[in-house]
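Report on the structure given below.
Order of the sequence lines fixes the chain letters, A, B, ..., with proteins taken first and strands second; residue numbering starts at 1 for each chain.
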Amino acid sequence: MIDKSYNPTQVEGRWYKFWTEKGYFHADEHSKKPPFCIVIPPPNVTGKLHMGHALFVTIQDLLTRYKRMQGFEALWLPGTDHAGIATQVMVERQLAKENKTRLEIGREAFLERVWAWKREKGSNIIEQLKILGASCDWERERFTMDEGLSRAVREVFVRLYEEGLIYRDERLVNWDPVAQTVLSDLEIDNEPENGHLWKIRYKVAGSDESIVIATSRPETLFGDTAVAVHPDDERYKHIVGKQVELPLCGRTIPVIADPLAADMAFGTGAVKITPAHDFADFETGKRNNLPRIQVIGLDARMTDKVPEKYRGMTREECREATVEDLKAAGLLVEIVDYNFTPSRSQRSGALVEPLLLPQWWVNAKVLAKPAIEAVEKGETRMTPRLWEKTFFNWMNNIRDWCVSRQLWWGHQIPAYYCAECSKGHIHFIEKPGQKDPDLRIDNEAKPIVSKTKPEKCPVCGSTHLIQDPDVLDTWFSSGLWPFSTMGWPDNTDTLKKFYPTQVMETAADIIFFWVARMMMFGIHFMGETPFKDIYFHALVRDKAGLKMSKTKGNVIDPLLLIYGCKPESVPADERAASQQLFDDYPKGIDPQGADALRFSLTMLAAQGRDVRLDIRRIEGYRAFLNKVWQASRFVMMNLENTDAFSAIAADGCVEPFKVEDLSMTDAWILDGLNRCVADVTKSIDEFNFNEGAQRIYDFLWNVFCDWYIELAKVVLYSETTDEKTKRTTRLVLVHVLETILRLLHPFAPFMTEEIWQSLPKTDKAPESIMIAPWPVANPAFLNEKSAAMTQTLIDIVSAIRNIRGEANIAPSKAIPLVLMLTDDADKRSIVERMEASIRQLGKIEKITVDGAAAAKPAPCAIGVADGIEIVVPFADLINIDEERARLDKNIAKVTKALEASQRKLANPNFVARANPEVVETERTRVANGQVELEKLKKARALLG
RNA sequence: GGGCAUAUAGCUCAGCGGGAGAGCAUCGCCCUUACAAGGCGAGGGUCGCAGGUUCAAACCCUGCUGUGCCCACCA
């Protein structure tokens, strides 16, 4: 027997260890069962559990447990990501507390610090996934910087280089001057900001004329190498080809006509061209053969290419000085407010400086093509479908991927340079206070790309080889995840069994970062798309729809919800992150449990919608789990000391029923159960997890608990009912409960296991619900007739309860007599057979069944259920005014519905064109409605 | 500038061609021996606005308005 009250923390503490020790999570690559595999989106190794993790664990674990129960060899392959920039920054911060920088301690010592940090913190996130119940195969846990995965990275790099799909080239790139690294296009944010447009006069050399240009970055004018106007612009036609004086630096630059560079309608129609610091200008420069002058350096300060006065200034300082000096020189025409969109680093928030630097690139166009085709052909399906459009749009316009980063933490690029052959192109720059010199390798240096460090230069034989100092973008290694984790480049049994995987489940915001790249690499190296289905879950937001962030104080920490918390016992910084939560719940949160969180996330995460997490919803679903718990207690109490106690057979099901032993209500609940099983299965197969959860919720609570259990009590507690009937009822109770538990297990694994383990079972039953078979709907139990009859019973009881409720008759107060009037023999038979149930559920002492024409005692209250007139003599129970009001309300309701149906049937087009079944339904409604209305009206007339 | 999504009860959300649903909140009556984290009953919505298609529209189409997101070298 389970405990009297449901205590999630206690229950959830019990089972994870049991599952692990039994090895249920382990998938066997030599199994004969069909494979089902999900690879985890690897969380950052030093990360801390957040709601996004909770959501993906919920869905992926649900799918994995479901498939495992269905008899698949289910592998959920876990691991963590080294998260290059994020981890490096975190360790740098740690160093800063000791007043050290990574440059001071040098690369080698720094990397040792990061590894130490990883060893210390790396298991946290894994332990937290376990709290949620994640049934990952931990024996296969991987880390993107493992030796095996690093080998895969080198293999891919070398092969792509040899195929010409990776190359080194000097281009304008996004430079983050704070993080001191290049970023890919995807790592840039563009948020509009309030800024200005400065209009500056450039004088035409040797003339009184001038041209006014507009710019949002006046400090870059030192790098201008032209002014562009539109060729059709009448205002400037005459000065195209002439030189203008570049203010403050005594150079002259040409005025060029370029239809792509200049928009006649914008600003003054004339634009300064700075090819070394602007992407558009870079292209313009190429088209017009303009020189590039780099006036801003890696440190985001002005270089020695600007007049001495400005050298060493930051971009901001230089802007101020430039504007000041232009003003003094009378060349500043106007400053207007302007809303512009600067590029900022997602990581550091710094203004990105476009700089000309040699970097490593992946030719994305070539790799993207087969990935696009795989989705077009349906080899990989995306759910929700609309993401395919987004995917195509990006993939069709994909640009080459800059994969090198000037970081230390990551996979160092397997490229080497010969100090002899590339002499003059490799620069060691000693800097004060820096352990290692900076290493700059010009674009002209010749890389030797190799999986291992070559012993000597293949050209000149020199042994002085220098490895490229850069590391690869984190997403390069995560792009290999679906096969690198399975042992590639070796052709392992795991790869043979589990690649390609069945489902990729992830957040849509990394569709380009991660999903697209796994598609590209997977197809290129494995010859097959890495997953059949991609399911994108939504973003978890706060209850107001805002993204959760520490600075907004609207973070909801999954662990605080699962275990509950008192505000005073939460550390100050965490409390600040969750300020909103504690404002709403000043006394703290009760423990909700991982099951309730999982069930809630499942319910809230409808396809394609963002999740607004409201704790009240979670509390509601915890109440549901409590309901399951209590219903289970009821069932178990009624099994004790009976022979139904050992009824659950080896397949997890109770012994087969004899259909002829089933009562009307037994048949009805089994009909409902089998429909429920079919619906839940279909919902999960279609990734409609919320529908499945809703279906179980509704069936368990509104059908099983509210009606079947109450009806079962009548049977079980009756002294006159025979033992065989009671036994069947017990069997049905435990069968329905046990089946629901199995349906519910992927949604709420802990509590279903706890209850299931307490259920009576034979020796042949499986050891755990998680390896019990998934329920299969049995059509033999579908029974429309019993379902309809039971519905009549329910309608009768509801009608009586409606009278009771409206008349405020206390539940404890019995109604002495109720008349049930109908001429329909079938319905009379239902009432007669179910009399005891109706009496108990309606708390009625005596029921008399009679014909429709029978005399009614006056005064009385009247209800109608499925054509049966239900007459409650007033006695002293009912207030006549309230009864008048109740009848008027019901008459209005029935009249409205009746008229609606009549109106439809009066329309010849409806009768002619609508589906015959629909027409028939309306006819039935009219017939029933007319009877009911007539009865209600008569009853009302009796009351005067 | 392009694209996508979304608007349903006080709140958070399902439903997406045939009589408006859930949870929470609200209002009655109840500690009825599984459950007060509960039971029984009730109230509450011209389903964003305007057109259109259809016998029938919350649901399909068009436009508009609000909101959110993504992409894009608008000096």
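- In this structure, A:Arg804 reaches neither bases nor backbone, as no heavy-atom distance under 4.0 Å exists between it and the strands shown.
- In this structure, CZ of A:Phe536 is placed 15 Å from C1' of B:C69, rounded to the nearest angstrom.
- One cannot find a donor-acceptor pair under 3.5 Å joining the base of B:A56 and the side-chain atoms of A:Glu922.
- Shown here is A:Glu917, whose CD atom has no more than 12 heavy atoms of other residues, nucleotides or ligands within 6.0 Å.
- No N or O donor and acceptor, one from the side chain of A:Lys199 and one from the base of B:A75, sit under 3.5 Å apart.
- Contacts of A:Lys843 with the nucleic acid, taken as non-hydrogen atoms under 4.0 Å apart, are absent.
- If A:Tyr338 and A:Arg622 are placed on RNA chain B by their nearest nucleotide, the residue sitting closer to the 5' end is A:Arg622.
- Atom pair A:Arg695:CZ and B:G23:C1' shows a separation of 18 Å (rounding to whole Å applied).
- Distances shown here put every side-chain N or O of A:Lys4 at or beyond 4.0 Å from the OP1 or OP2 atom of B:A34.
- For A:Trp701 and B:G39, the shortest distance from a side-chain N or O to OP1 or OP2 is below 4.0 Å.
- The nucleotide B:G66 finds its pairing partner in B:U6, both defining distances of the Watson-Crick or G-U wobble pair being shorter than 3.5 Å.
- Residue-level contact check: A:Tyr697 touches the backbone only, with heavy atoms under 4.0 Å from sugar-phosphate atoms and none from bases.
- At B:A34, one or more side-chain N or O atoms of A:Tyr717 fall inside 4.0 Å of OP1 or OP2 (strictly under the cut-off).
- What you find for A:Cys676 and A:Phe699 is that their closest heavy atoms are SG-CB, 3.8 Å.
- The A:Ala810 side chain lies nearest to B:C29 when the options are B:G19, B:C29, B:C35.
- Looking at heavy-atom distances under 4.0 Å, A:Ser812 makes no contact with the nucleic acid at all.
- Salt bridge status for A:Asp679 with A:Lys682: absent, with no side-chain N to carboxylate O gap under 4.0 Å.
- With distances taken from any side-chain atom of A:Lys713 to the nucleotides B:A34, B:C73, B:A75, the minimum falls on B:A34.
- Along RNA chain B, the nucleotide closest to A:Ala261 and the one closest to A:Gly805 are compared, and the more 5′ of them pairs with A:Gly805.
- Counting any heavy atom pair closer than 4.0 Å across all strands shown, A:Asn907 reaches sugar-phosphate atoms only and no base atom.
- Residue A:Asp263 has its side chain nearest to B:A75 when only B:G38, B:A42, B:A75 are considered.
- For A:Ala280, whose side chain is taken as the heavy atoms from C-beta onward, the closest listed nucleotide among B:C73, B:C11, B:C35 is B:C73.
- For the pair A:Tyr621 and B:G23, the ring geometry does not qualify as stacking, because the centroid separation below 5.5 Å and plane angle under 30° are not jointly satisfied.
- Within the structure, every side-chain polar atom (N or O) of A:Lys904 is placed at least 4.0 Å from both OP1 and OP2 of B:G18.
- When the C1' atom of B:C24 is taken as reference, atom CD1 of A:Ile618 falls 13 Å away, rounded to whole Å.
- The CG atom of A:Leu539 sits 10 Å away from the P atom of B:C69 (whole-angstrom rounding).
- For A:Lys889 and B:A42, the shortest distance from a side-chain N or O to OP1 or OP2 is not below 4.0 Å.
- Listed nucleotides: B:C71, B:G18, B:C11. Nearest to the side chain of A:Asp614: B:C11.
- Among the atoms of the strands shown, only primed sugar atoms or phosphate atoms (P, OP1, OP2) are found under 4.0 Å from some heavy atom of A:Arg399.
- The base of B:C4 does not come close enough to the side chain of A:Lys389 for any donor and acceptor atom to sit less than 3.5 Å apart.
- With a cut-off of 3.5 Å on both Watson-Crick or G-U wobble distances, the partner of B:G1 is given as B:C71.
- Out of B:G19, B:A37, B:A34, the shortest distance to the side chain of A:Ile709 is found at B:A34.
- Ion pairing of A:Glu806 with A:Arg886 is absent here, as no side-chain N (NZ or NE/NH1/NH2) approaches a carboxylate O to less than 4.0 Å.
- Distance check on atom P: B:U53 versus B:A58 gives 16 Å, rounded to whole Å.
- No engagement by A:Glu920 is indicated, since no non-hydrogen atom pair under 4.0 Å with the nucleic acid exists.
- Side-chain proximity of A:Glu806 to B:G18, B:A75, B:A42: nearest is B:A42.
- Taking only side-chain atoms of A:Asn915, from C-beta outward, the nucleotide of B:G15, B:G18, B:G39 with the closest atom is B:G18.
- Under 3.5 Å, the side chain of A:Arg617 and the base of B:U12 form at least one donor-acceptor pair of N or O atoms.
- Atom CD of A:Glu691 and atom C1' of B:G15 are 9 Å apart (whole Å).
- With salt bridges taken as basic N to acidic carboxylate O contacts below 4.0 Å, none links A:Glu619 and A:Arg616.
- The side chain of A:Met637 has B:A34 as its nearest neighbour among B:C74, B:A34, B:A22.
- Among the atoms of the strands shown, base atoms are found under 4.0 Å from some heavy atom of A:Ala270.
- Listed candidates were B:G38, B:C35, B:G19. Nearest to the side chain of A:Ser901 is B:G19.
- Classification of A:Glu353 and A:Arg217 as a salt-bridged pair holds, one side-chain N sitting under 4.0 Å from a carboxylate O.
- Side-chain nitrogen and oxygen atoms of A:Asn802 include at least one within less than 4.0 Å of the OP1 or OP2 phosphate oxygen of B:A42.
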